[in-house]
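Along the sequence shown, the residues carry numbers beginning at 1.
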Amino acid sequence: MELLNSIKKTMGGESKPPQVATEKKVEATKETKPVANKIKLGHVHMSGCTGCLVSVADNYLGFIKILDDYADLVYSLTLADVRHIPEMDVALVEGSVCIQDHESVEDIKETRKKAKVVVALGSCASYGNITRFCRGGQHNQPQHESFLPIGDLIDVDVYIPGCPPSPELIRNVTVMAYLLLQGNEEQKALAGRYLKPLMDLAKRSTTGCFCDLMNDVINQGLCIGCGTCAASCPVRAITHEFGKPQGQRDLCIKCGSCYGACPRSFFNFDVIPEFEAISEMIAGVLK
Ligand code: SF4
Ligand code: SF4
């Protein structure tokens, strides 16, 4: 018997009781905090820089709270070891698509087949952004020359423009997608109203540029000179002359942020008056 005990000790048999105790502790935590009806969330990385995923993570404990209570991260090549695109409720797609890369084209088509809601996360997925300037000719894939926003290859449900997109907007869209899929009728209606402008953006265009402000705001007599466009431009391509925005074409990276931020591009009277209620609801969800 003494020999048996000594062999168990040498082989690590002694460590078993604490392990059992740990398992019991985990079970106990699960019982005190039941989690049901989580949605399946995925991050699909196309031709992007991972900055959009960093923006997701920049929600800090808010992101952890979402993963605790509202969404399971079922796919993310950066964060989890799942190799193939699974069924998802919401796919956050980052980056544009290189149409000379067969695998990328197949991946985006597969994403559309597997996801109930496809979100273009960031300006590369929405508008092409900096990849609009790709011309190929670089080693070791000189033929990789054409990059398209995902909306040119598949139907996209929601846009979250921005380079990078704001962490708050990503958080809000994720919470609203949860309410849309799992909420009661009232919550579903509110989530639908919240998401509508971002769905309208997805229907509107796959190109983003300072010229959107020129064509659809300034030249329509809608500009009020508020300066929001200049504040939203990540490369400071917009200055204000005589109270009106001027774009420097050579600096513009075609991210579409300025049009998305402009209060005269779309002004949703269904949502803006509910700003406080929406803010309180999101804060409550993340408590
Ligand atoms: S954000 Fe819109 S309304 Fe405001 S200055 Fe720019 S173009 Fe004009
Ligand atoms: S002007 Fe600035 S914000 Fe507007 S599309 Fe160009 S880079 Fe983006």
Q: Hydrophobic clusters here meaning ILVMFWY residues chained together by side-chain heavy-atom distances under 4.5 Å, can you tell me if I130 and I160 are in one?
A: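 No, I130 and I160 fall in different hydrophobic clusters.
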
Q: Can you tell which of T131, T206, D152 makes a side chain to side chain donor-acceptor pair (under 3.5 Å) with S96?
A: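 Answer to the side chain to side chain donor-acceptor pair (under 3.5 Å) test with S96 among T131, T206, D152: T131.
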
Q: Is the shortest side-chain heavy-atom distance between H43 and V56 below 4.5 Å?
A: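 Heavy-atom side-chain distance check fails, nothing below 4.5 Å.
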
Q: Answer yes or no: is there a side-chain heavy-atom contact under 4.5 Å between K65 and V285?
A: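 Result no, sub-4.5 Å side-chain heavy-atom pair not found.
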
Q: Regarding D89 and K116, does a basic nitrogen lie under 4.0 Å from an acidic carboxylate oxygen?
A: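 Salt bridge between D89 and K116, a charged N being under 4.0 Å from a carboxylate O: yes.
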
Q: Would you say V119 ends up clustered with V271 if hydrophobic residues are merged whenever their side chains have heavy atoms under 4.5 Å apart, either directly or through other cluster members?
A: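 Linked, V271 and V119 end up in one cluster.
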
Q: Sequence neighbours left out, what passes salt bridge (charged side-chain N to carboxylate O under 4.0 Å, His left out) with R112? Give chain and number order.
A: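 R112: salt bridge (charged side-chain N to carboxylate O under 4.0 Å, His left out) contacts with D157.
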
Q: Considering residues at least two apart in sequence or located in another chain, which fulfil the salt bridge (charged side-chain N to carboxylate O under 4.0 Å, His left out) criterion with D200?
A: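 Salt bridge (charged side-chain N to carboxylate O under 4.0 Å, His left out) check on D200 returns K196, K203.
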
Q: Check this for me: does any side-chain nitrogen of one of K109 and D107 sit under 4.0 Å from a carboxylate oxygen of the other?
A: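 Here K109 does not pair with D107 in a salt bridge, since their nearest N and O are not under 4.0 Å apart.
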
Q: Where do V74 and E87 come nearest, in terms of heavy atoms and distance?
A: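 Heavy atoms only, the tightest pair is CG2-O, 4.1 Å.
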
Q: Give the intermediate values and the outcome of side-chain hydrogen bond (donor to acceptor under 3.5 Å, both in side chains) for residues E94 and T50.
A: CA-CA 7 Å; E94 167 174 354; T50 323; 4.7 Å; no

Q: Taking atom CD of Q138 as the centre, report whether more than 12 heavy atoms of other residues, nucleotides or ligands fall under 6.0 Å from it.
A: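 Atom CD in Q138 is not crowded, with 12 or fewer foreign heavy atoms closer than 6.0 Å.
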
Q: Could you walk me through whether N129 and C255 pass the side chain to side chain contact (heavy atoms under 4.5 Å, CB included) check?
A: CA-CA 5 Å; N129 203 22; C255 70; 3.1 Å; yes

Q: Going by atom types only, do Q141 and Q143 share a side-chain donor-acceptor pair under 3.5 Å?
A: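 Yes, side-chain donor-acceptor contact under 3.5 Å.
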
Q: Can you list every side-chain hydrogen bond (donor to acceptor under 3.5 Å, both in side chains) pair that touches residues 251-261, not counting sequence neighbours?
A: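 Non-adjacent pairs meeting side-chain hydrogen bond (donor to acceptor under 3.5 Å, both in side chains): R204-Y259.
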
Q: Are the side chains of R132 and L148 in contact, using a 4.5 Å heavy-atom criterion?
A: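 Yes, at least one pair of side-chain atoms sits under 4.5 Å.
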
Q: Any side-chain heavy atom of D155 sitting closer than 4.5 Å to one from V118?
A: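 Contact flag for D155/V118 side chains = no.
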
Q: Can you check whether P165 reaches L121 side chain to side chain, under 4.5 Å on heavy atoms?
A: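 A side-chain contact exists here, since the closest heavy-atom pair is under 4.5 Å.
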
